[in-house]
Amino acid sequence: MAIVQVENVNKRYLLGEQEVQALTDISLSVEPGVFLAIAGPSGSGKSTLLNIIGCIDTPSNGRVLIDGRDVSGQTPDELADLRARTIGFIFQTFNLLPVLSAEENVEYPLLQLRELSRSERRERVKHYLAMVGLGKYATHRPNQLSGGQRQRVAIARALATHSKVVLADEPTANLDHKTGEGILRLMKDINRKAGTTFIFSTHDRRVMNMADRLVRIEDGQINALGMRAGDKWVFVQDRRTTDEEPEI
Ligand code: ADP
Ligand code: MG
């Protein structure tokens, strides 16, 4: 079963009197364990799509299923629970809480998981900070960490809740190339070892080349799906003209 299924999603924003069509008839099905890039130029709809998949935003029409559950049928409480347990988010600007230390930032979303005891929470925080190579920086605040280290904290935070799918919106855009590549390698390593599904957006060709699946989006529409075959991409043009849903 797909971990993420997007069916005929449209998103329109009202900007004053004007309507902006951010997404047009997006259909997409993501299998568990995939390392998927959503690639497209600025303004193409990448963030909108990730926010809708992550239940931060809702589609104007169409539906989204996460782990087989139609998110539009959920109450706000159920949705918050689904988000807390299933989805991790990594942002371009890291979005760490500045007054909290690295370990407190990672612990924060765990406070929503009531079944975890304090010591279980601490154990998880320790485990995931070590996984991202920040065991020694647990008590540092974000402003005492480099950009790459901050993004590592954000990765640990996204994983600590045992998310099945991690959504990362241009996770390397505020990092220099070498640091960004290190972040992508770390994500890929976790994807391989733990089987966590990653969906990340980027407009950087070098970053998209580290994915094993590619969705190319332009003007709010999917225009190609790519699959890695060795060191080459095999592109399947969007097949929405047939009734078949694109499988990636
Ligand atoms: P990307 O992440 O690929 O740069 P976005 O998803 O942010 O693209 O934006 C897609 C389109 O939707 C753009 O034209 C953008 O201006 C518009 N848009 C995004 N968010 C809003 C909003 N909250 N209100 C109005 N228009 C928006
Ligand atoms: Mg964006």
Side-chain angles (χ1 to χ4, degrees), residues 4-30 34-66 71-72 76 79 83 87-96 147-148 150-151 153-155 157-158 163 165-177 179-181 183-184 187 197-211 213-226 233 235 237-238 240 246 248:
V4 173
Q5 190 141 358
V6 178
E7 294 178 355
N8 307 105
V9 160
N10 286 277
K11 180 67 182 179
R12 291 175 292 273
Y13 290 111
L14 210 53
L15 202 61
E17 300 269 282
Q18 229 190 346
E19 201 175 72
V20 180
Q21 178 90 22
L23 297 176
T24 304
D25 200 22
I26 298 276
S27 291
L28 188 69
S29 145
V30 182
V34 157
F35 198 64
L36 165 71
I38 296 176
S42 175
S44 56
K46 303 183 295 298
S47 296
T48 304
L49 179 56
L50 282 174
N51 289 345
I52 287 175
I53 293 172
C55 311
I56 291 174
D57 204 349
T58 52
S60 303
N61 52 280
R63 52 176 211 159
V64 177
L65 290 90
I66 304 291
V71 301
S72 58
L79 207 55
R83 218 168 22 216
I87 303 164
F89 235 106
I90 298 170
F91 301 90
Q92 181 177 334
T93 49
F94 321 127
N95 288 25
L96 301 177
R150 288 181 207 186
Q151 201 57 307
V153 175
I155 293 172
R157 178 180 60 182
S163 304
V165 51
V166 173
L167 306 172
D169 194 5
E170 305 214 33
T172 62
N174 282 318
L175 303 172
D176 63 76
H177 174 62
T179 308
E181 196 178 304
I183 290 294
L184 254 293
M187 284 168 41
T197 307
F198 280 83
I199 305 177
F200 60 95
S201 68
T202 185
H203 58 255
D204 182 338
R205 185 166 296 278
R206 288 184 291 195
V207 172
M208 65 187 85
N209 274 335
M210 293 177 74
R213 296 280 194 284
L214 190 66
V215 169
R216 230 169 44 196
I217 178 170
E218 206 165 2
D219 292 333
Q221 284 180 288
I222 294 176
N223 64 13
L225 301 171
W233 285 106
F235 281 103
Q237 289 306 311
D238 189 3
R240 280 175 307 157
I248 49 160

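We use all heavy atoms of the structure for the numbers below, so side chains are in, but hydrogens, waters and symmetry mates are not. For ligands, and for the atoms within them, numbers begin at 1 and follow the listed sequence. Here the structure is a predicted model, which means the values were calculated and not measured.
- Contact check for N95 versus F89: no side-chain heavy atoms found under the 4.5 Å cut-off.
- In this structure a side-chain-to-backbone donor-acceptor pair under 3.5 Å is present from Q151 to F91.
- Within 4.0 Å of ligand 1, protein heavy atoms belong to Y13, L15, V20, A22, P41, S42, G43, S44, G45, K46, S47, T48, listed by chain and number.
- Under the 3.5 Å distance criterion, the side-chain polar atoms of N174 are matched with a main-chain donor or acceptor of Q92.
- Residue-environment remark: CG (D219) stays at or below the threshold of 12 foreign heavy atoms within 6.0 Å.
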Test log, rule side chain to side chain contact (heavy atoms under 4.5 Å, CB included), inputs D57 and Y13:
CA-CA 11 Å; D57 204 349; Y13 290 111; 3.1 Å; yes
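- When only modelled atom types and interatomic distance are considered, Q21 and N10 share a side-chain donor-acceptor pair under 3.5 Å.
- Applying side-chain contact (heavy atoms from CB on, under 4.5 Å) to I52 and the options L23, V71, I26 leaves one that passes, L23.
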Would L184 and F198 count as a side chain to side chain contact (heavy atoms under 4.5 Å, CB included) here? Give the steps.
CA-CA 10 Å; L184 254 293; F198 280 83; over 6 Å; no
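- Under the 4.0 Å criterion applied to side-chain N and carboxylate O atoms, E181 and R206 are not assigned as salt-bridge partners.
- Sorted by chain and number, the protein atoms of type N, O or S within less than 2.8 Å of the Mg ion (ligand 2) are S47 OG.
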